[in-house]
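Working notes, beginning with the structure itself.
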Number of protein chains: 2
Amino acid sequence: MAKSLTSIAAVERDTGLSKDTLRVWERRYGFPTPLRDGNGERVYPRDQVEKLRVIRRLMDSGIRPSKIVAEPLSKLNAQLASRLVADQQPPGECLAFEAVLRVLKAHQATKLYQQLAHELGRRGPKGFVLDIVAPLNTFIGAAWAAGRIEIFEEHLYTEQVRILLRQSLGTLMPDARMPCVVLTTLPGEQHELGILMAQACLAVDGAHCISLGVQTPIPDIVKAAHAHHADVIGISCSEAMRINRVREGLADLRMNLECEIEIWAGGSLWRRAKNAVPGVKPMVSLTDIPSALDAWREKRVFREHQGNPSG
Amino acid sequence: MAKSLTSIAAVERDTGLSKDTLRVWERRYGFPTPLRDGNGERVYPRDQVEKLRVIRRLMDSGIRPSKIVAEPLSKLNAQLASRLVADQQPPGECLAFEAVLRVLKAHQATKLYQQLAHELGRRGPKGFVLDIVAPLNTFIGAAWAAGRIEIFEEHLYTEQVRILLRQSLGTLMPDARMPCVVLTTLPGEQHELGILMAQACLAVDGAHCISLGVQTPIPDIVKAAHAHHADVIGISCSEAMRINRVREGLADLRMNLECEIEIWAGGSLWRRAKNAVPGVKPMVSLTDIPSALDAWREKRVFREHQGNPSG
DNA sequence: AATTCCTCATTGTCTATGACAATTTTGGCT
DNA sequence: AGCCAAAATTGTCATAGACAATGAGGAATT
């Protein structure tokens, strides 16, 4: 276990902060303060990378860099811990959630799976998603933001939910009057859970769903929309994404799609983002999905009466 | 559908070519030749972005930029088409593969699933992976590289295989004499199929597998390895990755892990990469997995006899 | 004839600093 | 309080030169 010094590219990879940002912070805030190698290239000590990762987490929860970049690590950790208390709106079932967290931290994947499968069996796909997965998701996300769990533990959780949802979604039959929805995330967004939850909600209401997986380039989303004759494109955005990037991506997508094809943008990001992108329907909560589907059907029926009464 | 001009950031997102690379190509090869907006910032016409995407594909199959960046698009497309013939080593079952491709291009996800499920039922998990999925995967990858299918169609295929493998892997029990393997990909690598195939091969031989999903940051891989008391870290690398990045990432990982923990790096990338990373075991084919497991067990038995006969 | 080694060309990434647009915050004014 | 303008904040883009790591081609050796 050597000194573990990292290049600027490695820091970008590990923290998600761009090279430009890292250099400009050094210039403006006096942090980080990398050493230099023989070529005059930046070399970051491990503890500075760790601090950068903490900063990144705090920024994801809305804090601006000037307030934190120059602060000592101990203060940042304290702030991280206090975030949990602020974010957490105990939803009644909070105790059970703490139990899930314990199982997760013990890395008992099988036990976690069984507990969740029990709930799925009891409530069915829709109830499972709305009453369990959605709030539990928020809870797990908050636990991560507060430093209570590691990202690989979050992955472990995601994995179990994913398997469960995939299994239960296979049996549902689509309804011809409902839209064909293509689901994916924008490049840079790795969280698949949002898509899966949306897919569950859409499928139980009879919509025909096609998931492209995560991180589909914009031109490919457009091609997929045409190939599948999609009525709606669903994009899931987690709070880990930069709002600017998402806005730019959605505007780009909107510009390249026929306006008959709707774009629905859901995910926890939209709690933070105030103004939406023109021509894109923001879905703050999963409960917006049924009403959006109703609205779509209404509009479609109306349009058919108007323009094409026989078809 | 406006003129669709894109910023350099959007081009980076859509092509995977870094901003630095885009600027330096312009300087060196005279392509791309973006317009400039009011601020003097690059604005790329749509057709140039399309050409860049073709170039990217050709580079992923090993061609160097100086040979192709300045060429006209028509030549590049011809080259792309000829790649398929060159790459494709008909593995006997070639006709069936073409049929799969047809189903895929018709977007008949259910039919595709049924065909694959039939093979899984007939051959069991291991045979299915070795005889069907592995070669089919190569074939689908080649079809993508040759421009015969779109990336979202590849995703559709991946999705079906993923569901099937997940289902059949759930029933297998690990063997206590076999290593605990943590599986993931490096940041930037989005292809999960490699992990799934590795997991299938490992699990049928009794190894205890934990998948972290894709794109785990190096520090998190290290933490996960410790938390799960992993014996082996398995990293899957597709040919879409830049070899440099992978080498750097693996060297970084090796430096931060105790040397008792082995690193096995598999995936189609290693057909192209000649020299491996020190301390990392390259796995060219899935068939290397059983022998690697045997070797691991041998070594472990030997070590226990030497140092710790009672435990 | 095959293999190893050496050299040259290729290529991506890094450096530095200035500029600016987009957003958020602040302060003053109804 | 509520709202608008001014100011501060912040990320990204531009420029051009430098260099290390890789690949390719040829020469020398086994």
Side-chain angles (χ1 to χ4, degrees), chain A residues 5-13 15-31 34-44 52 55-56 58-60 62-70 188 241-249 251 272-275 277, chain B residues 6-13 15-32 34-44 52 55-56 58-70 188 241-251 269 272-277:
Chain A
L5 302 167
T6 34
S7 71
I8 193 169
V11 176
E12 176 181 44
R13 189 193 55 204
T15 65
L17 299 164
S18 80
K19 291 167 192 154
D20 271 334
T21 302
L22 289 167
R23 283 191 278 252
V24 94
W25 280 9
E26 192 179 327
R27 208 197 306 170
R28 287 194 186 136
Y29 310 121
F31 183 88
L35 312 171
R36 299 297 176 128
D37 69 2
N39 301 315
E41 301 192 356
R42 288 171 177 78
V43 170
Y44 293 82
L52 286 168
I55 291 172
R56 179 72 211 278
L58 284 168
M59 283 179 58
D60 284 344
I63 300 177
R64 305 196 76 190
S66 65
K67 309 282 177 195
I68 46 177
V69 173
M241 285 292 285
R242 308 274 180 75
I243 291 186
N244 295 357
R245 291 293 177 83
V246 172
R247 286 231 177 84
E248 196 185 336
R272 195 150 47 92
K274 283 159 198 172
N275 36 359
V277 179
Chain B
T6 35
S7 70
I8 193 170
V11 176
E12 176 182 43
R13 186 192 57 203
T15 65
L17 299 164
S18 80
K19 291 166 193 157
D20 270 334
T21 301
L22 289 167
R23 285 191 276 253
V24 93
W25 279 8
E26 193 180 327
R27 209 196 305 168
R28 286 193 187 138
Y29 309 121
F31 183 87
L35 312 171
R36 297 299 176 125
D37 69 1
N39 300 315
E41 300 192 355
R42 289 172 177 77
V43 170
Y44 293 81
L52 286 168
I55 291 172
R56 180 71 213 278
L58 283 168
M59 283 179 57
D60 284 345
S61 68
I63 300 179
R64 305 196 77 186
S66 64
K67 309 282 178 197
I68 46 177
V69 172
M241 285 291 286
R242 308 273 180 74
I243 292 188
N244 296 357
R245 292 293 177 82
V246 172
R247 286 231 176 84
E248 196 185 335
L250 287 174
L269 180 79
R272 189 148 55 89
K274 284 160 195 170
N275 36 357
V277 180

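It should be emphasised that the depicted structure is a prediction, and the values quoted were computed from it without experimental measurement. The sequence lines fix the lettering, A, B, ..., with proteins before strands; numbering per chain opens at 1.
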(message) Any side-chain N or O of B:Y29 below 4.0 angstrom from OP1/OP2 of C:dT10?
(response) no
Output one line per pair: protein atom, nucleotide atom from nucleotides 13-17 of chain C, and distance, for all N/O pairs under 3.5 Å.
from, atom 1, to, atom 2, distance (Å)
C:dT13, OP1, B:R245, NH2, 3.2
C:dT13, OP2, B:S18, OG, 3.3
C:dT13, OP2, B:T21, OG1, 3.2
C:dC14, OP2, A:K19, NZ, 2.7
C:dT15, OP1, A:R42, N, 2.6
C:dT15, OP1, A:R42, NH1, 3.1
C:dT15, OP2, A:R23, NH1, 2.6
C:dT15, OP2, A:R42, NH1, 3.2
C:dT15, O5', A:R42, NH1, 3.1
C:dA16, OP1, A:R36, NH1, 3.4
C:dA16, OP2, A:R36, NH2, 3.4
C:dA16, OP2, A:R42, NH1, 3.1
C:dA16, OP2, A:R42, NH2, 2.8

(message) Any non-hydrogen side-chain atom of B:T15 less than 4.5 Å from a side-chain atom of B:Y44?
(response) no
(message) In whole Å, I'd like the distance from the CZ atom of B:R13 to the P atom of D:dC13.
(response) 11 Å
(request) Output all residues satisfying side-chain hydrogen bond (donor to acceptor under 3.5 Å, both in side chains) with A:S18, sequence neighbours left out; order by chain, then residue number. (result) A:T21
(message) Counting C-beta onward and ignoring hydrogens, is there a side-chain heavy-atom pair between B:E248 and A:S7 closer than 4.5 Å?
(response) yes
(request) Decide yes or no for B:I55 and B:L17: does some side-chain heavy atom of the first lie under 4.5 Å from some side-chain heavy atom of the second? (result) no
(request) Return the angle between end axes of the helix from C:dA1-D:dT30 to C:dT30-D:dA1, with five pairs used per end and rounding to 10°. (result) 30°
(message) Applying side-chain hydrogen bond (donor to acceptor under 3.5 Å, both in side chains), can you list everything that pairs with A:R56, at least two apart in sequence or on another chain?
(response) A:D60
(request) Could you pull out all residues at least two apart from A:E41 that satisfy salt bridge (Lys or Arg N to Asp or Glu O under 4.0 Å)? (result) none
(request) May I ask you to test the B:M59-B:I68 pair for a side-chain heavy-atom distance under 4.5 Å? (result) yes
(message) I'd like to check the side-chain hydrogen bond (donor to acceptor under 3.5 Å, both in side chains) partners of A:R42; sequence neighbours left out, ordered by chain and number.
(response) A:E26
(message) Taking 4.0 Å as the cut-off, does a side-chain nitrogen or oxygen of B:S66 come that near to OP1 or OP2 on C:dA9?
(response) no
